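One structure is given here, and the rest of the page talks about it.
Remember, predicted model here, so these are calculated numbers, not experimental data. Atom set for the values below is all heavy atoms of this structure, side chains included, hydrogens, waters and symmetry mates excluded.
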Amino acid sequence: MPARDPVVTLEGVWKRYADRDVVRDLSFELRPGELLGFLGPNGAGKTTTMRLILDLVRPDRGRLSVFGLLPGGDQQARIGYLPEERGLYRDSRLVDTLAYLGTLKGLPAGEARRRAAGLLTEVGLGDVLRRKAGELSRGMHQKAQVVAAILHDPELLLIDEPFQSLDPVNAELLREIIRDRTARGAAVLMSTHDMLEAQSLCDRILLIDEGRRLLYGTVGEVRAAFGEGAVVVRGRDVPADAGRYHTVAVASPADGRVRFLLREGATPRDLFAELAALHLEVEHFEVETPTLEEVFLRAVERSRRAA
């Protein structure tokens with residue numbers, strides 16, 4: 001990806017509510033054409049960070065810039081937002097609602113209506129664009145909300161838990177839209193709990209917990225940081241119970257094998273010694289790079305033990 005000025009930059013940003021810091025010394029960049037996966041447990045500070053970028057709340061400390069400027073003002077017309085809690089005006093016709101939202105982002109009324117009708121047709125809602133939003137099925141409503149987020153062709157797209165409760169057809173539609181946005185040069189920040197989606201879609205990963213950055217880099221870099229964290233074992237009567245081992249954090253049986261996620265500080269050699277001490281018949285022992293979900297678990301465990 002060619003070097004271009006970041007669309008979003010955070011440097012040492014803090015945000016406090018009452019007696020709790022929900023964002024703590026957070027720094028990262030988001031560049032044009034990049035999909036950054038924003039990961040973390042519930043309450044980690046992901047949604048608050050998005051609200052900071054949207055200028056819905058202001059940081060208490062640190063530097064935050066969007067398109068090289070302080071958030072707010074005319075920049076809002078360049079940003080699209082797909083919130084986790086989705087909702088459209090239930091008593092208005094779908095095309096009217098989306099056209100109105102387009103005008104709020106700076107589109108002329110006629111252009112907003114034309115784009116709304118065209119995009120609704122593209123996502124399979126051409127037959128219902130004149131129906132009220134309250135009359136739509138959940139799946140139709142989800143697709144319409146996606147259209148609302150991209151109607152004005154934003155240069156920055158913030159997506160909060162996009163795949164939650166989506167059926168497979170709508171999930172694939174959203175993947176295609178996200179890929180299309182980044183191919184056009186838009187910067188996309190996507191928070192998700194779906195590690196498989198993050199691993200397959202994202203260019204880089206940002207993992208936070210309790211408002212702090214734990215991991216930041218490409219998917220390959222993040223996984224390589226825990227390069228010997230997983231072991232696959234096949235053998236007779238190998239227990240798939242993490243509690244039986246001192247070296248194992250998680251044990252998962254699959255296809256006649258057991259996949260072990262090692263505890264922080266444990267090595268594959270340590271696990272092999274434990275298996276030998278249990279007098280187990282091991283037929284296959286292979287060290288693997290952890291999945292993104294396993295990296296997530298280990299990084300959070302490490303952070304909380306150190307706190």
Side-chain angles (χ1 to χ4, degrees), residues 1-15 23-40 44-56 58-59 62-83 105-106 146 149-163 174-192 194-195 197-208 211-225 292 295-296 299:
M1 183 184 299
R4 288 181 282 178
D5 290 338
V7 174
V8 175
T9 301
L10 277 76
E11 295 180 354
V13 168
W14 292 72
K15 182 60 186 177
V23 176
R24 304 166 62 187
D25 197 23
L26 183 60
S27 300
F28 69 89
E29 291 182 345
L30 175 61
R31 294 185 174 273
E34 178 182 35
L35 173 55
L36 179 62
F38 199 16
L39 312 179
K46 303 187 297 297
T47 298
T48 296
T49 302
M50 288 190 172
R51 289 176 178 270
L52 288 165
I53 295 169
L54 290 165
D55 199 37
L56 298 175
R58 297 285 175 87
R63 176 177 171 266
L64 168 60
S65 68
V66 180
F67 301 111
L69 303 169
L70 292 175
D74 296 338
Q75 299 169 39
Q76 297 303 314
R78 304 168 69 183
I79 302 173
Y81 179 43
L82 182 62
K105 291 293 187 176
V146 172
I150 66 170
L151 181 65
H152 56 297
D153 198 18
E155 299 167 63
L156 169 61
L157 183 58
L158 307 180
I159 311 176
D160 200 354
E161 295 296 340
F163 298 102
L174 183 55
R175 291 185 201 103
E176 292 175 1
I177 288 172
I178 291 172
R179 293 186 189 107
D180 176 68
R181 294 290 107 185
T182 55
R184 293 186 185 193
V188 180
L189 178 64
M190 178 182 76
S191 78
T192 181
D194 193 322
M195 298 298 158
E197 292 289 358
Q199 188 166 313
S200 65
L201 279 175
C202 296
D203 299 302
R204 288 193 297 160
I205 295 295
L206 170 64
L207 170 62
I208 69 172
R212 295 172 298 169
R213 190 178 92 181
L214 303 186
L215 294 170
Y216 180 48
T218 67
V219 174
E221 289 168 347
V222 167
R223 293 181 66 193
L292 197 56
V295 168
F296 174 94

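Note that the CZ atom of Arg179 and the CG atom of Leu174 stand 10.0 Å from one another [nearest 0.5 Å]. Note: Tyr81 OH to Leu157 CG = 11.0 Å, rounded to the nearest 0.5 Å. Distance check, rounded to the nearest 0.5 Å: OG1 of Thr47 to CG of Leu158 gives 11.0 Å. Considering OG1 of Thr49 and NZ of Lys15, their distance stands at 11.5 Å, rounded to 0.5 Å. A distance of 4.5 Å separates CD1 of Ile150 from CZ of Arg181, quoted to the nearest 0.5 Å. Here the SG atom belonging to Cys202 is positioned 7.0 Å from the CG atom belonging to Leu36, to the nearest 0.5 angstrom.
Two residues are said to be in side-chain contact when any heavy atoms from C-beta on lie closer than 4.5 Å; Lys46 and Glu161 meet this criterion. Residues Val23 and Pro59 have side chains not in contact (no heavy-atom distance under 4.5 Å, counting atoms from C-beta outward). At a threshold of 4.5 Å between non-hydrogen side-chain atoms, the residues Leu156 and Val8 count as touching. Annotation: side chain of Ile53 is not in contact with side chain of Leu30 (no heavy-atom distance under 4.5 Å). In this structure, the side chains of Phe38 and Asp160 stay at 4.5 Å or more apart for every pair of heavy atoms. Residues Phe296 and Ile205 fail the side-chain proximity criterion, which asks for heavy atoms closer than 4.5 Å. Residues Ile159 and Ile178 form a side-chain contact, since some pair of their non-hydrogen atoms from C-beta on lies under 4.5 Å apart. A 4.5 Å side-chain heavy-atom check between Leu292 and Leu39 finds at least one atom pair inside the cut-off.
Looking at residues two or more places apart in sequence or on another chain, you find a side-chain contact (heavy atoms from CB on, under 4.5 Å) between Leu56 and Arg51, Leu54. Remark: Asp180 pairs with Arg184 by the salt bridge (charged side-chain N to carboxylate O under 4.0 Å, His left out) rule, at least two apart or across chains. With sequence neighbours left out, Arg223 forms a salt bridge (charged side-chain N to carboxylate O under 4.0 Å, His left out) with no residue at all. Taking Arg175 as the reference, Glu172, Glu197 meet the salt bridge (charged side-chain N to carboxylate O under 4.0 Å, His left out) condition, with sequence neighbours excluded. Residues satisfying the side chain to side chain donor-acceptor pair (under 3.5 Å) test with Arg78, not counting sequence neighbours, are Glu155. For Gln75, the side chain to side chain donor-acceptor pair (under 3.5 Å) test picks out no residue, with sequence neighbours left out.
For the pair Ala299 and Leu215, the tightest heavy-atom approach, listed with the atom from each and the gap, is CB-CD1, 3.7 Å. Listed here is the closest heavy atom pair of Asp55 and Gly72: OD2-CA, 3.4 Å. Heavy atoms only, all atoms of each residue included: Ala149 and Pro154 are closest at O-CG, 3.6 Å. Here the closest non-hydrogen pair linking His152 and Ala77 is CD2-O, 3.0 Å. Nearest heavy-atom pair, Gly211 versus Leu26, reported as atom, atom and distance to 0.1 Å: O-CB, 4.3 Å. The two residues Ser27 and Gly12 make their nearest non-hydrogen contact at OG-N, 2.8 Å.
Classified by interplanar angle (parallel below 30°, tilted 30° to 60°, perpendicular above 60°), the ring pair Phe28/Tyr216 is perpendicular.
Residue Arg58 places its CZ atom among 12 or fewer non-hydrogen atoms of other residues, nucleotides or ligands, all under 6.0 Å distant.
A donor-acceptor distance shorter than 3.5 angstrom exists from the side chain of Arg204 to the backbone of Glu29, with no hydrogens or angles considered.
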Going through the distances and angles, do Ile79 and Val66 end up as a side-chain contact (heavy atoms from CB on, under 4.5 Å)? CA-CA 10 Å; Ile79 302 173; Val66 180; 4.2 Å; yes

Would Arg212 and Asp25 count as a side-chain contact (heavy atoms from CB on, under 4.5 Å) here? Give the steps. CA-CA 7 Å; Arg212 295 172 298 169; Asp25 197 23; over 6 Å; no

